[in-house]
Amino acid sequence: MSIKVRFAPSPTGVLHIGSVRTALFNYLFARHNNGEFCLRIEDTDKLRSTDENTQLIFKILKWLDIDWDGEPVIQSSRIERHKEIAHDLVKKGKAYYCFCTPEELEQKKIKCQELGQPYKYDGKCRELTTPIVGISPVVRLKSNTDGSTTINDMVQGVVTVKNSQMDDLVLLRSDGTPTYMLSVVVDDHDMGITHVIRGDDHLTNTFRQIQIFNACGWNIPTFGHIPLIYGSDGAKLSKRHGAVSAIDYMQLGYLPEAISNYLLRLGWSHGDDEIISRDDAIKWFSFDNVGKSPSRFDMAKLQNLNGHYIRERSNESLLEYMLPFFKLELSELHKKRILRGMDSLKARAKTIIELVDSAMVYVQAPTSYDEKCRKYQTDFHTEILNDIANKIESGEFSCDEETLCSQVKDYAKERNIKLVEIAQAMRVALCGKLVSPSVFEIVALLGCSESVSRLRANKSKH
RNA sequence: GUCUCCUUCGUCUAGGGGUCUAGGACGUCGCCCUUUCACGGCGGCAACAUGGGUUCAAAUCCCGUAGGAGACGCCA
C-alpha cells in the first residue's frame with residue numbers, strides 16, 4: 001500500500017514553530033516511504049482565518065524546502081461535502097438533531113461541576129421524534145458507548161479508551177456549518193490519507209474521530225501523535241518564551257537548514273548523530289525513533305547549530321542570503337570586501353543578523369562606539385593611531401595584511417607597548433567594536449586611504 | 001474532577017536484562033591557540049523521579065506513589 005500523509009494547519013494565527021516540526025515529520029515520513037505529502041488548509045473558522053496566514057504557511061514551507069505534492073486542499077471549499085455526510089448519517093440513523101440550547105447545556109455543565117462529576121452530553125435528544133419549533137438544531141453523532149476503542153499509534157503505542165467516555169459530539173452547528181471533527185474525518189477519508197501525523201494534543205480527539213469513521217463505514221488510518229514542544233520552563237511554548245512563530249526565526253537570521261536540523265533532533269534521534277543533512281534525514285527517519293516525552297525548546301542549541309551551518313555555507317551564498325538584512329544598499333565595492341572578509345566574519349556569527357552587523361565594517365566607518373571602547377580611546381591611544389596612520393600614508397607601513405602585522409609588532413616592541421593596546425585601539429577606530437576579525441585584515445580590505453581616515457577620525461561619536 | 005500520556009546530566013538525547021564505575025551534543029567551568037572576540041583542540045563538573053517486586057543480574061520488565069503535560073467546546 002502506498003503511503004499518503006497530510007499536514008493540515010489552520011490559518012487562524014501565524015504558523016507555530018511546533019507545527020513546522022509536525023510538517024517536517026510528515027514530509028520525512030512520506031519521502032522516506034516514497035509516499036505522498038499533501039497540504040490541507042483548515043480554514044473553516046472563517047472569522048479567525050486570514051489569507052495572510054495562509055500565504056505565510058506556503059512561504060515558510062518553501063523556505064524550509066518542505067515541498068508538498070499536488071495542490072493544497074482548501075477545507076472551506078469542501079463544506080457542502082461535509083454537510084452531505086452529516087445528513088446522510090442522520091438518514092441512516094447514526095446521527096440525530098439536537099435541540100438543546102447552549103444555555104441549557106451550560107447549566108448542565110455547571111451542575112456537573114458542582115457535583116464534582118465529569119461533564120458529558122446526556123443524549124437527551126437522541127430519541128426525539130418530533131422537532132422542536134423555533135430552535136435551529138445541531139446534528140450530533142450517535143456515539144457507540146459499548147466496549148472500548150484501541151489504536152496502535154506509531155508514537156504512543158497501544159492506547160485504549162473506554163467508549164463510555166464518549167459523548168455525542170456535534171457534527172453540524174446550528175447554523176448548518178460542519179465542525180472540525182467532521183471535516184477532518186471526511187477530508188482525510190476523501191483524500192485517501194493512510195497515516196495521520198499530528199501533535200499529541202489531538203490524541204484524545206482521535207477516539208471521537210474514529211467514531212465518525214466507523215459510523216461512515218470507512219477505513220481508519222494509522223495515527224502518529226508526536227509530543228508537543230515546550231518552552232524552557234516546561235510550559236507550552238508561548239510568546240513569553242521568545243519567538244514562537246516560524247517567521248520570527250526567519251527574521252531573526254536563522255538558516256532553514258539549521259531550523260530543520262534542530263527541529264528534527266528535538267524528539268527524534270539517530271544514535272549520536274547531531275548534524276544531519278536532509279538526505280540523511282529522509283534516509284533515516286522512522287517513527288521508531290520518535291520519543292514519547294515532550295521536549296523543551298533550547299535556543300542556545302539552535303544558535304550553535306545555526307553557527308555551524310553559517311560556517312558551512314559558501315561565502316557567495318551567505319552574501320546573497322545577507323543582502324535583504326542590510327538596512328542600506330550595498331555597492332559592488334562593499335560586496336567585494338565582504339566576500340573577501342567572509343571567512344573570518346562567519347567564524348564569529350551565530351545568526352545572519354550578527355553576520356550582517358559585523359560585516360558593516362566593510363560598508364561604513366563606525367557611527368557609534370560601544371561603551372567599553374573608551375578604554376582604548378585615550379590620548380595615548382590617539383597618538384599611536386595618528387602615528388600609525390601617518391606611517392601608512394607615507395608608505396612606511398604597508399597595507400598588506402601580513403606585512404602590516406609584522407610592522408606593527410615591531411613598532412610595539414620598539415616602543416615597549418603591548419601589542420594588544422595598539423590592536424584594540426585600531427579595532428575601535430576601524431569598526432567601533434571590541435570584537436571583529438583581525439585588524440590587519442580589516443586594513444587590508446579597506447585599503448590604505450579609508451583605513452587612514454578611520455584611524456584619524458575623532459572619537460566624539462559616543 | 002474524569003480520561004489519556006510522559007519521567008536518564010541544566011537542555012536535547014543514546015540505552016531496548018549483563019559490554020553502564022551510564023555514552024554523545026548544547027550549555028557551563030578550566031587549559032591551549034591568539035592583537036580582541038570567535039573558530040578549533042584538550043580536559044572537568046553534571047543524570048537513570050520515588051517505593052516495591054520479577055531475576056543469578058534492571059536505567060532497561062511488572063505494580064504502586066509522586067511530579068509534569070494534554071484532552072474533556074455549536075475552536076481548530
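In what follows, every chain begins at residue 1, and chains take the letters A, B, ... in the order their sequences are listed.
With both ends at atom P, the span from A59(B) to U54(B) equals 16 Å, rounded to whole Å. For the C1' atoms, the distance from G1(B) to C63(B) is 25 Å, rounded to whole Å. Straight-line distance between the P atoms of U13(B) and G52(B): roughly 30 Å, to the nearest whole Å. The separation of U60(B) from G23(B), taken at their C1' atoms, amounts to 15 Å, rounded to a whole angstrom. Taking atom C1' in both G67(B) and G51(B), one finds a spacing of 15 Å when rounded to whole Å. Spacing of C1' atoms, C20(B) relative to A57(B), comes out at 13 Å, to the nearest Å. Remark: the separation of the C1' atoms in C61(B) and C48(B) is 15 Å, to the nearest Å. Comparing G41(B) with C5(B), their C1' atoms sit 44 Å apart, to the nearest whole Å.
Among the nucleotides C74(B), A76(B), G23(B), the one closest to any side-chain atom of Gln75(A) is A76(B). Between C74(B), A14(B), G40(B), one nucleotide has an atom nearer to the side chain of Val138(A) than all others, and that is C74(B). Between C74(B), U35(B), A76(B), one nucleotide has an atom nearer to the side chain of Val170(A) than all others, and that is C74(B). Of the candidate nucleotides G70(B), A76(B), U35(B), U35(B) has the atom lying nearest to any side-chain atom of Ala423(A). In the set A38(B), U35(B), A14(B), A38(B) carries the atom at the smallest distance from any side-chain atom of Lys350(A). Listed nucleotides: A38(B), A71(B), U35(B). Nearest to the side chain of Arg427(A): U35(B).
Judged by Watson-Crick or G-U wobble contacts below 3.5 Å, the nucleotide G30(B) has C42(B) as its partner. The partner of C56(B) is G18(B), judged by Watson-Crick or G-U wobble contacts that both fall below 3.5 Å. Shown here, U2(B) forms a base pair with A71(B); the pair counts as Watson-Crick or G-U wobble because both key distances fall under 3.5 Å. A25(B): Watson-Crick or G-U partner is U11(B), with both key distances under 3.5 Å. U65(B): Watson-Crick or G-U partner is A49(B), with both key distances under 3.5 Å.
Checking Thr206(A) against Arg198(A) by side-chain atom types alone, a donor-acceptor pair falls below 3.5 Å.
Counting any heavy atom pair closer than 4.0 Å across all strands shown, Cys431(A) reaches no nucleic acid atom. Within 4.0 Å (heavy atoms only), Asp175(A) reaches no atom of the nucleic acid at all. Counting any heavy atom pair closer than 4.0 Å across all strands shown, Arg48(A) reaches a base atom. Within the 4.0 angstrom heavy-atom criterion, no nucleotide atom of any strand lies near His225(A). Here Pro227(A) lies out of heavy-atom contact (under 4.0 Å) with every strand.
Atom-to-atom, CD1 of Ile229(A) to P of G70(B) comes out at 14 Å; the value is rounded to the nearest Å. The interatomic distance linking Phe99(A) (CZ) with C74(B) (C1') rounds to 14 Å, in whole Å. For Tyr180(A) and C74(B), the OH to P distance is 15 Å, given to the nearest whole Å. Atom CD in Glu441(A) sits roughly 17 Å away from atom P in A38(B) (whole-Å rounding). For the pair Leu105(A) CG and C74(B) C1', the computed distance is 9 Å after rounding to whole Å. The CG atom of Asn261(A) sits 15 Å away from the C1' atom of G24(B) (whole-angstrom rounding). For the pair Lys46(A) NZ and A76(B) C1', the interatomic distance rounds to 14 Å; values are reported in whole Å. Whole-Å rounding puts the Ile310(A) CD1 to C37(B) P distance at 20 Å.
In terms of position along RNA chain B, the nucleotide closest to Ala347(A) lies nearer the 5' end than the nucleotide closest to the other residue of the pair Ala347(A) and Ser174(A).
Regarding contacts with the backbone of A76(B), a side-chain N or O of Thr44(A) is found under 4.0 angstrom from either OP1 or OP2. Look at Asn304(A) and you'll find a side-chain N or O under 4.0 angstrom from OP1 or OP2 of G27(B). Lys409(A) has a side-chain polar atom (N or O) that falls below the 4.0 Å cut-off from OP1 or OP2 of U35(B). The phosphate of C72(B) (OP1 or OP2) has no side-chain N or O of Arg208(A) nearer than 4.0 angstrom.
Seen from the ring of Phe25(A), Arg21(A) counts as a face-on cation partner, given the 6.0 Å and 45° thresholds.
A heavy-atom distance below 4.5 Å is found between the side chains of Ile338(A) and Val363(A). Within the 4.5 Å cutoff, no side-chain heavy atoms of Arg348(A) are placed close to those of Glu354(A). Using a 4.5 Å cut-off on side-chain heavy atoms (C-beta onward), Arg140(A) and Asp167(A) make no contact.
Here the two cysteines Cys448(A) and Cys399(A) have their SG atoms closer than 2.5 angstrom.
Within the model, atoms CZ of Arg313(A) and CG of Leu319(A) stand 12.0 Å from one another, a figure rounded to the nearest 0.5 Å.
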request  = Take nucleotides 2-12 of chain B nucleotide by nucleotide from the 5' end and write B, S or -, depending on whether a protein heavy atom sits under 4.0 Å from the base, only from the sugar-phosphate, or from neither.
outcome  = SSSSSS---SB

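Classification of the Trp268(A)-Phe285(A) ring pair by plane angle, with boundaries at 30° and 60°, yields parallel.
Annotation: Glu316(A), atom CD; neighbour count of heavy atoms from other residues, nucleotides and ligands within 6.0 Å is above 12.
Judged by distance alone, with hydrogens and angles left aside, Arg348(A) brings a side-chain donor or acceptor within reach of the base of C37(B), the pair sitting under 3.5 Å.
The ring of Tyr249(A) has its center closer than 6.0 angstrom to the ring center of Phe297(A).
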